[in-house]
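Chain identifiers are assigned alphabetically (A, B, ...) following the order of the sequence lines, protein sequences preceding nucleic acid strands; residue numbering begins at 1 within each chain.
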Amino acid sequence: MTMRLCHAIVPVQDYDLDATLDSGQVFGFRATPSGWEGSVSSCWMRLCGRDQSIEIEWMGNSTGEAVPAEILDFLGAGVSLGPILSSFPQDAVMRRAVAACRGLRLLKQDPWTCLASFILSSTKQITQIKQIYAALCLRLGDRLRAPPDAEVRHAFPLPEAVVRAGEKVVRECKAGFRAAYLVEAARRVLTGEFRLGELANLPIAEARAELMNLPGVGPKVADCVLLFTGAHAEAFPVDVWIARALRELYFQGKLVSLDQLREFAARHFGPHGGYAQQYLFHYARVHGMPWEAPA
DNA sequence: TACCAGGAGAGCG
DNA sequence: CGCTCTCATGGT
């Protein structure tokens with residue numbers, strides 16, 4: 001059976017697709033002249049953000065078929081942003097961060113891809129993480145069904161492929177000291193020793209502790225996985241950018257420890273703390289630090 | 001060139 | 001505990 005390129009336009013509100021795909025939560029999407037190309041669960045897609053909609057292309061069996069549920073779920077196209085933004089603390093900092101990029105979204109990622117991505121992210125710039133990610137896809141990932149002009153042609157490798165490849169090959173994809181971590185994490189996921197699917201069912205503290213038993217997973221990476229897979233909306237990853245921003249904006253630049261910052265964040269940012277964090281991260285990254293209060 | 005990157009682990013006092 | 005050092009590599 002021959003696959004065909006399908007096309008749909010999905011209406012959305014308050015959805016800045018460009019900012020969302022370029023916000024450091026996903027590393028497998030590439031901006032091409034035809035739109036953003038990437039994949040979810042071996043399903044190739046190409047996305048274009050319009051004013052009140054997202055244009056979606058994918059490979060289907062027949063014309064006129066519905067957009068695959070995995071893609072809609074990944075995008076969170078039906079999620080209303082209003083109540084989330086309203087739940088943020090009404091301080092000057094958050095108002096500025098939201099005003100700077102209304103429409104920034106959190107995506108709902110595949111747990112294994114997300115875990116692997118953030119194990120690879122440690123002490124790496126976003127551009128480098130994308131390079132490692134792309135190298136692993138090319139070397140070890142399944143071939144995607146994609147149109148002839150597609151630039152993204154491979155899925156992120158499954159745990160089995162990573163285990164089979166081994167540390168040496170993963171290192172050749174520029175993963176460095178993270179290679180051993182990734183292979184061991186893949187092995188535990190593959191054997192069922194670690195159950196990624198259970199994280200959403202556990203209380204956040206337990207889910208976090210489980211993740212931190214994996215090699216290469218500390219507090220920050222654990223929170224990224226909890227947040228970016230949609231398992232726990234209050235997870236608040238504290239990286240170097242967020243740490244700088246919180247110290248600058250809420251602690252007069254004082255040397256507050258990471259643990260203290262996490263504790264403060266859990267109290268201050270509410271049930272959608274992870275969303276608040278993403279707005280702060282984006283603002284800090286785009287505007288640079290320190291950011292001065294408006295006159 | 002020097003510094004730093006969406007950190008984590010191990011060793012130290 | 002909390003601090004420091006190391007890990008691998010490349011962007012800016």
Side-chain angles (χ1 to χ4, degrees), chain A residues 19-30 97 101 104-107 109 111 113-136 138-139 156 166-186 188 194 208-229 231-232 235-249 254-263 265 269 273-291:
Chain A
T20 297
L21 291 176
D22 197 27
S23 67
Q25 54 179 312
V26 287
F27 306 104
F29 278 77
R30 178 166 172 185
C101 189
L104 180 62
R105 295 283 188 140
L106 287 180
L107 300 162
Q109 299 183 43
T113 307
C114 186
L115 171 64
S117 295
F118 283 94
I119 286 176
L120 294 169
S121 78
S122 136
T123 321
K124 278 291 177 192
Q125 298 182 142
I126 290 176
T127 51
Q128 295 179 260
I129 303 166
K130 289 179 178 174
Q131 289 171 6
I132 300 169
Y133 186 105
L136 286 169
L138 194 58
R139 180 93 183 245
F156 188 78
E167 178 183 344
K168 179 174 179 294
V169 170
V170 175
R171 271 182 183 265
E172 287 168 7
C173 297
K174 308 303 179 185
F177 60 84
R178 306 154 196 83
Y181 298 155
L182 184 66
V183 173
E184 173 61 12
R188 294 194 203 173
F194 188 85
R208 199 162 176 271
E210 282 294 315
L211 277 165
M212 287 174 61
N213 284 330
L214 293 172
V217 180
K220 189 271 177 179
V221 171
D223 283 338
C224 284
V225 174
L226 294 179
L227 181 62
F228 297 138
T229 60
H232 290 278
F236 193 102
V238 177
D239 65 15
V240 290
W241 289 94
I242 288 293
R244 272 199 291 248
L246 293 182
R247 286 176 184 133
E248 180 84 14
L249 298 167
K254 284 185 289 192
L255 290 173
V256 184
S257 75
L258 292 177
D259 279 336
Q260 288 176 303
L261 291 176
R262 287 186 198 101
E263 193 183 343
F269 291 102
Y275 248 104
Q277 176 273 160
Q278 196 65 10
Y279 276 84
L280 289 174
F281 177 76
H282 185 270
Y283 194 43
R285 205 162 65 98
V286 171
H287 291 250
M289 294 296 296
W291 45 18

[X] [atom1] - [N] [atom2] separation (whole Å):
| X | N | atom1 | atom2 | answer |
| --- | --- | --- | --- | --- |
| A:Glu184 | C:dC7 | CD | P | 21 Å |
| A:Ile132 | C:dT9 | CD1 | P | 10 Å |
| A:Phe177 | C:dC7 | CZ | P | 10 Å |
| A:Tyr181 | C:dA8 | OH | C1' | 11 Å |

Query - side chain to side chain donor-acceptor pair (under 3.5 Å): pairs with one or both residues in residues 212-222 of chain A, sequence neighbours excluded - result: none

Look at all strands and tell whether [X] reaches a base, only sugar-phosphate, or nothing, counting heavy atoms closer than 4.0 Å.
| X | result |
| --- | --- |
| A:Gln278 | base |
| A:Leu214 | sugar-phosphate |
| A:Ser23 | base |

Report summary line: From the list A:Arg105, A:Gln278, A:His282, side chain to side chain donor-acceptor pair (under 3.5 Å) partner of A:Ser23 resolves to A:Gln278

Please write out each protein N/O paired with an N/O of nucleotides 10-12 of chain C under 3.5 Å, distance rounded to 0.1 Å.
| from | atom 1 | to | atom 2 | distance (Å) |
| --- | --- | --- | --- | --- |
| C:dG10 | O4' | A:Gln128 | NE2 | 3.0 |
| C:dG11 | O4' | A:Gln125 | NE2 | 3.0 |

Results of side-chain contact (heavy atoms from CB on, under 4.5 Å) for [X] - residues two or more places apart only:
| X | answer |
| --- | --- |
| A:Lys174 | A:Ile132 |
| A:Ala134 | none |
| A:Gln131 | none |
| A:Ala222 | A:Arg208, A:Leu211, A:Met212, A:Val217 |

Query raised in the report: Which residues in residues 215-225 of chain A have at least one heavy atom lying under 4.0 Å from any atom of DNA chain B?
Result: A:Pro215, A:Gly216, A:Val217, A:Gly218, A:Pro219, A:Lys220, A:Val221

Pairwise [atom1] distance, [M] and [N] [rounded to whole Å]:
| N | M | atom1 | value |
| --- | --- | --- | --- |
| C:dC5 | B:dC3 | P | 15 Å |
| C:dG11 | B:dT1 | C1' | 13 Å |
| B:dC4 | C:dA8 | C1' | 13 Å |

Requested in this report: Would you mind listing every salt bridge (charged side-chain N to carboxylate O under 4.0 Å, His left out) that reaches into residues 118-127 of chain A, with sequence neighbours excluded?
Outcome: none

Report task. Output all residues satisfying side-chain hydrogen bond (donor to acceptor under 3.5 Å, both in side chains) with A:Ser122, sequence neighbours left out; order by chain, then residue number. Result -> none

Query - Verdict with reasoning, A:Asp223 to A:Gln277, per side chain to side chain contact (heavy atoms under 4.5 Å, CB included) - result: CA-CA 11 Å; A:Asp223 283 338; A:Gln277 176 273 160; over 6 Å; no

Requested in this report: Identify the 5'-most and 3'-most nucleotides of DNA chain B with at least one atom closer than 4.0 Å to a non-hydrogen atom of chain A.
Outcome: B:dA5 to B:dG9

Report task. Check salt bridge (charged side-chain N to carboxylate O under 4.0 Å, His left out) between A:Arg262 and all other residues, then give those that pass, not counting sequence neighbours. Result -> A:Asp259

Requested in this report: Return the set of residues passing ring pair (Phe, Tyr, Trp, His ring centres under 6.0 Å) with A:Tyr181 (not counting sequence neighbours), or none when no residue passes.
Outcome: none

Report task. Could you say whether A:Arg285 or A:Met212 is positioned toward the 5' end of DNA chain B, judged by the nucleotide with the nearest heavy atom to each? Result -> A:Arg285

